[in-house]
Novice: 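I'd like to ask some things about the structure below.
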Amino acid sequence: MALPQLNTATKYELKMPSTGETIEYRPYLVKEEKILMIAMESQDQKQIIRATRDVIQSCTFDKINIMNYPMFDLEYVFLKLRTKSVGETSKLKFACEKCQTPNDYNINLDELEPIGKTVENTIPLTDTIGVTMKYPTVKDMNDSTSEAEIDLIFDILVSSIESIYDAENVYPASENTKAELNQFIENLNQKQFNKLQEWFEAMPKLKKTVEFTCTKSDCGHENSFDIEGIQSFFG
């Protein structure tokens with residue numbers, strides 16, 4: 001005899017931070033939560049992105065391809081899924097900066113929004129040469145095979161270049177090889193390279209300032225530090 005089927009058709013709406021478009025979503029199910037938990041436990045960034053991507057695709061009824069959106073969109077959508085699926089609060093532990101005693105800290109996930117400032121995407125490098133940037137997508141982040149941090153930064157910067165221009169022409173990045181774009185970046189001086197890094201660092205991201213007083217009786221240190229990235233918000 002077939003078992004009864006539960007109604008999982010509850011729908012909610014959210015606005016994508018990067019585009020403002022409204023999408024529908026449903027809470028994730030136990031089978032999907034299991035996939036997420038296994039990925040989170042692995043501490044493997046690519047496995048976490050893949051699991052999160054697959055769950056988002058299912059929970060948004062395959063209406064969007066999250067791989068084509070910026071990383072902060074994926075993080076935001078996942079947080080909204082989590083609040084409707086498990087609850088708004090995530091209980092974390094943070095070590096006191098002074099005595100290293102673990103302290104409990106509750107975060108209201110529903111209050112988190114991507115933090116960033118509006119930054120001009122066109123960046124002049126000289127009087128006649130500059131670049132136009134775009135937010136790197138989830139696919140760009142996931143496709144990087146670099147292990148070293150500096151190589152990862154280069155990969156992300158290269159994938160973020162939309163076009164390069166001079167006084168006479170615009171050169172779309174899509175019409176150049178990765179090697180050519182890498183060479184362009186490697187030939188920048190430090191001041192020019194810093195302009196690209198500053199643009200990237202200003203990109204919206206899920207970020208929160210954590211403040212708490214250490215609970216250890218003989219410590220009482222006032223802690224304050226920033227956490228960011230989707231793994232930081234779950235115990």
Side-chain angles (χ1 to χ4, degrees), residues 16-21 39 42-54 56-57 60 62-78 114-207 226 228-232:
M16 298 294 279
S18 67
T19 64
E21 66 183 302
S42 75
Q43 298 293 307
D44 183 294
Q45 181 69 13
K46 290 190 175 182
Q47 186 175 338
I48 292 170
I49 290 176
R50 284 195 298 269
T52 308
R53 171 202 65 193
D54 291 344
I56 288 175
Q57 289 298 130
T60 55
D62 288 317
K63 296 291 180 64
I64 64 169
N65 184 356
I66 197 65
M67 295 297 279
N68 294 331
Y69 288 79
M71 191 68 187
F72 59 85
D73 275 343
L74 176 141
E75 293 180 338
Y76 180 73
V77 174
F78 176 69
I115 296 174
K117 57 185 179 180
T118 303
V119 182
E120 176 57 52
N121 285 349
T122 298
I123 304 172
L125 300 174
T126 70
D127 290 340
T128 57
I129 298 175
V131 297
T132 299
M133 306 293 286
K134 61 181 179 63
Y135 291 139
T137 65
V138 177
K139 184 177 186 302
D140 293 330
M141 304 285 282
N142 194 55
D143 284 352
S144 175
T145 58
S146 299
E147 297 288 340
E149 183 176 354
I150 185 61
D151 291 331
L152 180 60
I153 291 172
F154 267 71
D155 281 352
I156 294 172
L157 285 177
V158 165
S159 65
S160 301
I161 296 175
E162 187 171 83
S163 61
I164 299 168
Y165 66 86
D166 59 21
E168 299 178 354
N169 295 297
V170 175
Y171 309 90
S174 59
E175 296 179 7
N176 292 270
T177 65
K178 182 179 178 181
E180 290 171 331
L181 295 172
N182 260 320
Q183 185 177 36
F184 176 82
I185 291 180
E186 289 173 352
N187 285 330
L188 299 177
N189 62 38
Q190 192 60 50
K191 185 176 180 180
Q192 293 164 342
F193 183 71
N194 286 344
K195 287 185 176 183
L196 299 187
Q197 282 190 300
E198 288 169 5
W199 176 88
F200 182 75
E201 288 168 2
M203 185 172 64
K205 57 179 68 71
L206 286 177
K207 184 177 180 179
D226 293 333
E228 61 182 73
I230 198 167
Q231 291 167 268
S232 301

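Side chains included, hydrogens not; waters and symmetry mates left out as well; all remaining heavy atoms used. These figures come from a predicted structure and were not determined experimentally.
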Novice: Please name the pair of heavy atoms, one in Pro70 and one in Tyr135, separated by the smallest distance, quoted to 0.1 Å.
Specialist: CG-CB, 3.8 Å
Novice: With rounding to the nearest 0.5 angstrom, report the CD1 to CD1 distance, Ile129 to Ile164.
Specialist: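 Interatomic distance, Ile129 CD1 to Ile164 CD1, rounded to 0.5 Å: 9.5 Å.
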Novice: Any side-chain heavy atom of Met203 sitting closer than 4.5 Å to one from Pro136?
Specialist: yes
Novice: Do the side chains of Ile161 and Met133 get nearer than 4.5 Å, heavy atoms only?
Specialist: yes
Novice: Are Thr52 and Val138 packed together at the side-chain level, in the sense that at least one heavy-atom pair is separated by less than 4.5 angstrom?
Specialist: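 No, too far: nothing below the 4.5 Å cut-off.
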Novice: On a heavy-atom basis, which atom in Ile56 and which in Thr60 lie closest, and how many Å separate them?
Specialist: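 Taking Ile56 first and Thr60 second, the nearest heavy atoms are O-OG1, 2.7 Å.
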Novice: Please name the pair of heavy atoms, one in Lys195 and one in Pro124, separated by the smallest distance, quoted to 0.1 Å.
Specialist: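 Distance-wise, the nearest heavy atoms are NZ-O, 3.0 Å.
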Novice: Is the shortest side-chain heavy-atom distance between Gln57 and Asn65 below 4.5 Å?
Specialist: yes
Novice: For the residue pair Asp155 and Lys178, establish whether any side-chain heavy-atom pair is separated by less than 4.5 Å.
Specialist: yes
Novice: Give a yes or no on whether Asp127 atom CG has more than 12 heavy-atom contacts from other residues, nucleotides or ligands under 6.0 Å away.
Specialist: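 Counting other residues, nucleotides and ligands, CG of Asp127 stays at 12 neighbours or fewer.
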Novice: Look up atom CD1 in Ile156 and atom CZ in Phe200, then write down how far apart they are to the nearest 0.5 Å.
Specialist: 4.5 Å
Novice: Mind checking the CD1-CD spacing from Ile49 to Glu75? Nearest 0.5 Å is all I need.
Specialist: 9.0 Å
Novice: State, with a plain yes or no, whether a side-chain heavy atom of Gln190 is found less than 4.5 Å away from one of Phe193.
Specialist: yes
Novice: Are side-chain heavy atoms of Phe184 and Val158 found at a separation under 4.5 Å?
Specialist: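 When only atoms from C-beta onward are counted, Val158 and Phe184 do not touch, as no gap falls below 4.5 Å.
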Novice: Report the distance from atom CG of Leu74 to atom CG of Asn68, rounding to the nearest 0.5 Å.
Specialist: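 Rounded to the nearest 0.5 Å, the CG-CG separation comes out at 12.0 Å.
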Novice: Please enumerate all residues that pass side chain to side chain contact (heavy atoms under 4.5 Å, CB included) together with Asp226, with sequence neighbours excluded.
Specialist: Lys207, Thr209
Novice: Determine the minimum heavy-atom distance between Thr126 and Gln192, stating which atoms define it.
Specialist: CG2-NE2, 3.6 Å
Novice: Donor-acceptor pair, Asn176 side chain versus Pro172 backbone, under 3.5 Å?
Specialist: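 Yes; at least one donor-acceptor contact below 3.5 Å.
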Novice: So do Met16 and Val77 actually touch side chain to side chain, heavy atoms under 4.5 Å?
Specialist: yes
Novice: Could you go step by step and tell me if Met67 and Thr137 meet the side-chain contact (heavy atoms from CB on, under 4.5 Å) rule?
Specialist: CA-CA 6 Å; Met67 295 297 279; Thr137 65; over 6 Å; no
Novice: Please evaluate residues Ile123 and Glu198 with respect to the criterion side-chain contact (heavy atoms from CB on, under 4.5 Å), reporting the C-alpha separation (whole Å), side-chain torsions for both, the decisive distance (0.1 Å), and the verdict.
Specialist: CA-CA 10 Å; Ile123 304 172; Glu198 288 169 5; over 6 Å; no
Novice: Please name the residue in the list Asn194, Asn121, Thr122 that meets the side-chain hydrogen bond (donor to acceptor under 3.5 Å, both in side chains) test with Trp199.
Specialist: Asn121
Novice: Supply the atom-to-atom distance Asp54 CG to Ile66 CD1, rounded to the nearest 0.5 angstrom.
Specialist: 12.0 Å
Novice: In Å and rounded to the nearest 0.5 Å, what is the CD1 to CG distance from Ile64 to Asp73?
Specialist: 8.0 Å
Novice: Whether the side chain of Lys134 engages the backbone of Thr132 through a donor-acceptor N/O pair (distance < 3.5 Å, no angle test) should be reported.
Specialist: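 No; zero donor-acceptor contacts below 3.5 Å.
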Novice: Return the minimal non-hydrogen interatomic distance between Ile48 and Ala39, and the atom names on each side.
Specialist: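 Looking at all heavy atoms of both residues, the shortest contact is CG1-O, 3.3 Å.
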Novice: Above 12 or not: heavy atoms from other molecules or residues under 6.0 Å from CD of Gln197?
Specialist: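 Counting neighbours around CD of Gln197, more than 12 heavy atoms of other residues, nucleotides or ligands fall under 6.0 Å, so yes.
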